[in-house]
Each structure stands twice: as structure tokens, then as C-alpha cells.
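Just so it is clear, the values below take in all heavy atoms, side chains as well, and ignore hydrogens, waters and symmetry mates.
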Amino acid sequence: MLDRMNGSKNISLGLLLLLTLGFSSVFAQTTKVKGVVTDKTGAPLPFVSVFVPGTSFGIATDAAGRYELQFDSPKDSVRFSLMGYKTVVVRVQRGNEQVRNVTLESGAKVLNEFVVRRKKERYRNKDNPAVELIRLVIDNKSKNRMEHYDYANYNQYEKLEFALSNLSDKIRNNRFTRKYKFVFDNQDTTKMEGRSLLPMYLEERLADVYFRRDPEKKKTIVTADKKVSFENYIDNRGLSAYLNHIYQDVDIYDNNMMLFTNQFLSPIADAGPTFYKYFIADTIKTADSTKLIVLEFYPRNKADRLLEGKLYITLDGKYAIQKADMTANKEINLNFIRDFHLYMDFEKTPDGRYFMNKNTLMADFGLFKGKSGLYGERTVSLKNMVINKPMPASFYEGSSYVENEQNVEKPESFWEQNRHDTLTTAESKVYANIDSLQHMKSFKRTMDIATLLLAGWKSVGPKFEVGPVNTFYNFNPVEGFRLRLGGRTTPKFNKSIYLEGYGAYGFKDEKWKYYFGGSYAFNHKSIYDWPVRAIKASFQHDTKIPGQELQFVQEDNFLLSFKRGNNDKWLYNDIFRIYYLHELYNHSSFQVGFKHWEQTPAGTLSYYKGTSVPDSVKKISTSELSLELRWAPHEQFYQGKNFRIPIPNKYPIFTLRAIAGVKGLAGGDYNYQNITLNIYKMVYLSQLGYSEVVVEGGYIFGHIPYPLLTIHRANQTYAYQLQSYNLMNFLEFVSDRYAGINIDHSFNGFIFNKIPLLKKLKLREVATIKVLYGGLSKGNDPRLDPSKIQFSNYADGVPITYTLGNTPYVEGSVGVANIFKLLRLDLVKRFTYLDNPLIANWGIRGRVRFDF
């Protein structure tokens, strides 16, 4: 009887329990929890797992540590967990919307108490579910990119910030910096764990972006632009271009992603399974019930330029990336960067696919000793994506990047309403602080000294500069000891007019040299500010070595005074030039000009005709009309106030020049035509590094003396030159038709990284090959016509100048780069024309280059 009663009681309790659970399920209310997860320093923690224990509801925090979790469950707690931190469980009110900000404490001490050992298993791609999953992601890449749509448009916000990090008390309290206390007090300790950041540069941009697939066109219309200005010392636009070159747009669906001017193989690249290891770490469900697999990936070789991190992959049949957290192994060959993180968030579109709505790249640059350094962060946020809504065909015409400088300056009230995210307290103060800083006399003096040391120019009032310092003194066999003093105007003198000039004196030849030039910009900008619309005129009376062409280096730079071999054959030149340069927004340009050139041989160089009794030629005069067409897609520049240097990218640069010499025009002595085509291309080969490739060819029509032919670019200095022949002597080869190719390849440490000692030194291997074909027609060969100016000879009658025959000129080199992170040394070998007198078969050349 008792057993029966107990049995009835148990049944009743069981039914009561089932009814309770049933009613709880039926009447469960929706609970919504959101907030920010940080560490104890206040720094946001991305990719923290936020989930409801005992259910499939879960999500991960974004790059800013934010989360928003919604669930229908009678559960009243939420768990927060991240590897390396203690797990936190927070009670919530069921059925309500609430904010729960959570702080996680480091769990490193707890973890250190445990040692987990497992049997090592050989990693295989075959029969590996993680690899099978990543292959599905790779197979579906084309469907998950913006290029999948015929049309798309969205609003884009960009924020680029640079800050000094962990400045010591000694620097902050120094008697020289004490007066800048208002700047040093603007510290931010929430951005990065363990780092105190002092913002020094901030740039924001809002734009509307329109994409069309066929024909492909992406048009960006900038609606607002705001940046910290250092216009008194450097060109702000050029600084912005360089910083954005370091922090380029990245797309995980590309096979290679450009980070800090280096290519990193994407973890979902077509060749990803060859270079990466993949592991399934977890499965979670988002608030909208989307199932995600958390996939961890690591490089097979830690020294290769690869990434590691986590991917969150959808299991809805589209196999899209919903979130990504990536960094690089500490062992890779990367300069100046202690650590970096790339976070990507993707948002679901109405058709169920995902587009990247936010990415953040954070980097800690170790430019100084100790913990101090430079912190850089770039955030790109996308909103209001509209799919397959075309604009009129005419809308996509014209420049891909449209910015009206007069309309992009907006008040702070506009930014407060339109920023995709709010600025931190420290960020919001940086504009005013830097503006105040530049009005301080002590800061101006400091920047003047820095400009003199780094750029070589010294301000003389706000309108003029004297320099460059490295040309004040040099020496050569013709002029002997040479002094030079030069100057130029700044944009403060006149925004449209630029003047420059110098005077020099040689103590051996006892002659003055000088130069004066002036430019006028029709678009009332600096003549170096793209797109240029300017006319320039100049006159120069100075010396020059025939055939020496230097890139971005002053010819009378002191260091170039040191040359190998015999280099006493020079010219005195009188050159008048006037030309107009017109650059277009599609990065093409044209230049038309006139040049009158009088050249007189100097040193041991002489021009003479005849055989037995030389008929000396004192001077050659030419007058030339020229046209140059140039196309450099997506070109950017590193730009100063009075110069600019192109920043290489993956797109080719085409330069076509046509020159016509006109006899009788302004005293010109010859008729001729000269056409040359130069193609420059940076070729990126992912893990194998990159090549700089230059292909060039030219043809001269007409009969002219050899000094007017193509004197091939030789280099007798000890500085390595990419587009010159580093073991060719000055005046050694001339042609009236030629074609050549130069390939300079950097392996980025692909080989050295696998050799322990070299890996530690972070050296990088380089190799070069240069091949030049050329020839000389009978009508231009002075050896066949005594009435022409003859090739130059040495004092003993041995020829200096030659022509190229059926055999090309070939030289190559192998070298070691990244010595002390700056220096490159090449061992150069010449392979052909080894019987020419006074040549060098071997040589060592150096080059200084800043590269990440």
C-alpha cells in the first residue's frame, strides 16, 4: 500500500514538473542583453564568447568589445568567457531589455598551474573536416563578395589615428616638454591593454560609395573630410596618402591582403590549405539563430608571412565569413611592428548574404627602445547598404574618386550626427590640441630643426627655405671643391607661384654655375599637389655627366662625390626649358614642352670630327619640342611641401615620350625624332615576395651626332640604382634603337627565414637581372663617316664609347637586404662585354630603403 502511494506521489510530482516546464516554455518571454566587455584597464575585449548556459544561444563581442544578445528562454544568466581570462556569469532579468557591462580578469595565473599534455598527431589535409569546411568557404567566395551583385551602394566612414604610446615620465616631465602639458595630459588608457596612448594625428572621412559590376566601376564621392593639420611643415594631403598606403583597404576574400605594404596570404585564399593549418574550435548560434563554426587557423611555417586567428563561418549553405580576428606570428620577418590585430565584422543583407560592415586594424609600432612606441589604428565602417539599385550610366563616368575640397569641410555638429561611432575623449581633443601646439614658438623652433635634419631645408621666415643641406659641398674631377647655396619659396609666399634657384662655384675650374626656375599653378594649388595644372620655366648653367640619370636623388649630393673608375668626362650645359603639365583625375597626364640645349664638353671629354687632323667641335645646340603621355592607375604619392615621390602599388605605370628636334628653331642645329616607352610594374608574388619590373624601349629617327643619341644610363657611384646599369661606365654605350628589361626581386626572407641564424637577424634576400639590347644604324655610326663627331677615346687612343651588337648587355646581382632594417648590399656581376677597357666585372653596391 505504501509503495502504491509513493508511486502515485512520484507520478504526480512528475506530471507537475512536466506541466511547469511546459508552461515555462509556452510563456517564456524574450530577454535582450547588451553592453561592453572590457579588461581591468578598461580596454575593450573583442571575440569574447557571450552565451546562455544550457542553451544554443550565443554570440561574440565585436572589435570594440560590444555585444547584443537576444534569447527566448527561462534562463536568467549569461556567461562571458575568453581564453586567458576568468569566466564571468552575470544574472539578468528575464523578459526585459537591459545593459550589462562586464569586466574580465586575467586568468593567466590559474592557467599556469595546469600543464595539459596530449599526444601529438600529424596534421593532415586529407579527411580533415576543418579543411573540408575551408574548401567550401573558398568555393563560395565569389558569391559572398560585393562583386556578386550587379549594383551596390553604401555610406562609408573611415577613421585613421596615430598616437604615441607609453611615453615615460622622464619625457613627459622634461623641461623641454613641460610646457606642452596640455598635450601630454590627453592620454587614453582604454584602447589597448597595458598601453597609455597620446593621440597626435586623427583623420576622418565620410563618403558615399557606388559599385557597378559590368563594366566594373567603383565610385567614391567624399562628403566630409577632417584631419589634423601640419601644413606649416609637411603636406597634409601627402601625409594622408602615405598613412593610408600603410593602412590600405583589406578584403579577406582576396587571395592576398596588403598590410603595412606587405602581402599576407588570406586564410581563405585558393592556396590557403597549402600554407595554413585549420582546426574547428567551437559551434555557436547567434541571436537570429544563425549557426556558426569557430575555425582557428595557424601557419604551417611560423616564419612565413602568414596570419593566424579565428574565423566565424556560417552554416546556412553560403559558407560566408561572419566575423574574423587575425594577427601575425611574432617570428615573421616584419620591421618596426611589435604586434597588430585585424578585426572584421560582417552584416547580413536582405538576401541572406553577408557584407563587411566594419574592419579595424590596430598596430603597435616599436620605433623606440623599451615599451614606448607608436600606435596606429584604422577603422572602416559601412552602413545603409543598398543592393541592385542602379544609378544612371552617366553617373559612373569620370573619376573614381570625387572630392570637392571646398565642400568637405563640415562643422563639428555635422560630424556628431553622421559619425558611425563616437570619438573617445582623447580623440575628440586632438584637433584643438595640435592646432594650439603649432602656434607655440618653441614648437615651431623644434619643427624647424627636425625639418633641417630630416629633409635638409631651413626656413628663413615663413615664405622661404634654404637648402638642401647635402648639396652645400661636394667635389668632382672637373670642378674640384664645389660650394652651392640654394633656396625656394613655400606656399606661404604664393599658393600659385613657386620659385627656386641656386648658385654654385667650382674652385678647380673657377666657374660659376646657377639655376633659376619658376612655376605657376592654374588651379591655385601647390605645383606638387595632385592633380597638377601648371606651367614651369627654368634656365640652368651647370655641369653634368653624360648618361647619368638619378632617381629622386640630387646629382650634387655629397655622397655621390665618391665614384669608381674614371669619371672625368663631363659637360657644361646651358638648358632653357618651358613646359605645361596637366594631370587628370583618372591618373593620366600629358606634358608639352620646349627645350633649348647647348652642351660643351668639359674635363677630358672632347668632340671632334675627321681622322688624321681632328676638327674640334666646341658646342652642340639643339631645340626640341616634346610631348609626354603618362598613365598611372590609382597612383598615390608621398608628398612634402615642395616635392612628391610616387608610392608603388600593384598597377603599372606607362610613360610615352615623343621628342622632335627642329633645325633652325632658336638656333637648333639638327632635325630628329625620338620616341621612348617606359612601363613600370610592381609584381606581387605572395609568399615569394615581389618584383619591380621595368620594360623600356626607344627609337631615334634622323641622322645626328652621337652625343644626341641614347647614352644608356650608367652608374659609377656606389649607390645601387634600379633603372641604371650599375657596372656600366659613363658614355660606354650609345644606341639609336634599344629595348631592355630590369627585374629586381625581393624574396622578403622566404629563404633566410628557414635558416636559424639569418632568421633571427631578419635579413632578406634580393636578386636582380638587367638585360639591354641595342643598335646603331649606319647613318648614325661615326666609325663609318669621318664627317661626324667621333666616339670618345682615352688619352692613349683606346675607345671609351661603343655600340651594342647582337649580344645584349647583361648584369645581375644577388644581395642581402634589411641590414639594420634599412641597408641593402648587392654583389653585382657583369656578364657581357667583358673586354671593354677599364670596366668592373664585379662590384658591391648599397642602398638605403625604409620598408616594413
Side-chain angles (χ1 to χ4, degrees), residues 545-551 563-567 569 605 676-681 683 691-700 706-707 709-746 765-778 780-784 790-794 796-816 824-847:
I545 300 176
Q548 177 173 267
E549 297 292 339
L550 302 174
Q551 288 184 291
K563 296 182 175 68
R564 64 173 177 86
N566 188 303
N567 58 96
K569 293 179 170 48
L605 179 65
T676 60
L677 174 65
N678 182 286
I679 303 173
Y680 171 88
K681 177 76 167 71
V683 180
S691 293
E692 292 185 77
V693 181
V694 180
V695 178
E696 186 176 77
Y699 199 100
I700 295 176
Y706 90 87
L709 299 173
T710 299
I711 301 175
H712 293 294
R713 289 186 290 267
N715 178 29
Q716 287 185 223
T717 72
Y718 295 99
Y720 182 87
Q721 289 285 319
L722 175 63
Q723 295 202 36
S724 297
Y725 300 95
N726 293 286
L727 289 181
M728 183 185 289
N729 287 343
F730 295 131
L731 270 174
E732 187 176 357
F733 291 103
V734 297
S735 303
D736 60 12
R737 58 187 183 276
Y738 71 95
I741 182 170
N742 297 344
I743 302 175
D744 186 274
H745 185 77
S746 173
E765 57 285 279
V766 292
T768 304
I769 186 69
K770 300 182 180 184
V771 181
L772 174 66
Y773 284 91
L776 193 61
S777 63
K778 293 181 179 179
N780 282 324
D781 192 339
R783 296 169 298 185
L784 304 177
Q790 299 300 297
F791 285 154
S792 297
N793 296 327
Y794 291 106
D796 56 3
V798 176
I800 296 173
T801 306
Y802 301 85
T803 61
L804 293 163
N806 295 327
T807 302
Y809 175 87
V810 181
E811 71 176 40
S813 69
V814 291
V816 178
R824 164 179 168 171
L825 291 178
D826 281 74
L827 177 63
V828 190
K829 174 71 172 75
R830 174 168 168 162
F831 296 102
T832 56
Y833 298 95
L834 302 181
D835 295 330
N836 287 3
L838 300 178
I839 64 163
N841 291 341
W842 296 88
I844 295 178
R845 301 291 177 266
R847 183 184 185 190

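Between Glu732 and Arg830, at least one side-chain N (NZ, or NE/NH1/NH2) sits under 4.0 Å from a carboxylate O, which counts as a salt bridge.
Without hydrogens or angle criteria, Gln716 side chain to Phe730 main chain gives a donor-acceptor distance under 3.5 Å. Under a 3.5 Å cut-off, the side chain of Glu696 and the backbone N or O of Thr676 do not form any donor-acceptor pair. Using a distance-only test at 3.5 Å, with no hydrogens or angles considered, no donor-acceptor pair links the side chain of Tyr680 to the main chain of Glu692. Of the possible donor and acceptor atoms, one in the side chain of Asp736 sits under 3.5 Å from a partner among the backbone N and O of Ser777. A donor-acceptor pair is defined here as one N or O able to donate and one able to accept, closer than 3.5 Å; such a pair exists between the side chain of Lys770 and the backbone of Leu722.
A search for side-chain contact (heavy atoms from CB on, under 4.5 Å) contacts involving His712 returns Thr710, Met728, Phe733, Ser735, Tyr738, Leu772, Leu804, not counting sequence neighbours. In this structure, the ring-ring contact (aromatic ring centres under 6.0 Å, His included) partners of Tyr699, at least two apart in sequence or on a different chain, are Phe701. Residues that satisfy the side-chain contact (heavy atoms from CB on, under 4.5 Å) test with Tyr773, not counting sequence neighbours, are Val771, Pro808.
Using a 4.5 Å cut-off on side-chain heavy atoms (C-beta onward), Phe791 and Val734 make contact. Side-chain contact between Leu731 and Leu605: present, with at least one pair of heavy atoms (C-beta onward) separated by less than 4.5 Å. Looking at Ile839 and Leu727, their side chains never come closer than 4.5 Å, going by heavy atoms from C-beta outward. Asn836 has its side chain within reach of Tyr802: a pair of non-hydrogen atoms, C-beta onward, lies under 4.5 Å apart.
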Could you give me the CA-CA distance, side-chain angles and deciding distance for Tyr809 and Tyr725, then say whether ring-ring contact (aromatic ring centres under 6.0 Å, His included) is met? CA-CA 9 Å; Tyr809 175 87; Tyr725 300 95; 5.5 Å; yes
Verify side-chain contact (heavy atoms from CB on, under 4.5 Å) between Tyr794 and Ile800, making sure each step is shown before the conclusion. CA-CA 6 Å; Tyr794 291 106; Ile800 296 173; 3.5 Å; yes
Using the rule given for side-chain hydrogen bond (donor to acceptor under 3.5 Å, both in side chains), can you reason through Asp826 versus Ser813, listing the C-alpha separation, both sets of side-chain angles and the distance that settles it, and then say yes or no? CA-CA 6 Å; Asp826 281 74; Ser813 69; 3.1 Å; yes
Checking side-chain contact (heavy atoms from CB on, under 4.5 Å) for the pair Asn742/Asp744: CA distance, chi angles, key distance, verdict? CA-CA 7 Å; Asn742 297 344; Asp744 186 274; over 6 Å; no
Given Ser746 and Arg824, is the side-chain hydrogen bond (donor to acceptor under 3.5 Å, both in side chains) satisfied, shown in steps? CA-CA 11 Å; Ser746 173; Arg824 164 179 168 171; over 6 Å; no
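Considering CZ of Arg783 and CG of Leu776, their distance stands at 7.0 Å, rounded to 0.5 Å. Interatomic distance, CD1 of Ile769 versus CD of Glu811, reported as 8.5 Å (0.5 Å rounding). We find the CG-CG distance between Asn567 and Asn729 to be 9.5 Å, quoted to the nearest 0.5 Å. Rounding to the nearest 0.5 Å places NZ of Lys569 at 11.5 Å from CD1 of Ile545. Note that CG of Leu827 and CH2 of Trp842 are 5.5 Å apart. Values are rounded to the nearest 0.5 Å.
For the pair Gly812 and Phe831, the tightest heavy-atom approach, listed with the atom from each and the gap, is N-CE1, 3.4 Å. Shortest non-hydrogen contact noted between Val683 and Val693 is CG2-CG2, 4.0 Å.
Counted within 6.0 Å of CD1 on Ile844, heavy atoms from surrounding residues, nucleotides or ligands total 12 or fewer; the atom is thus considered open.
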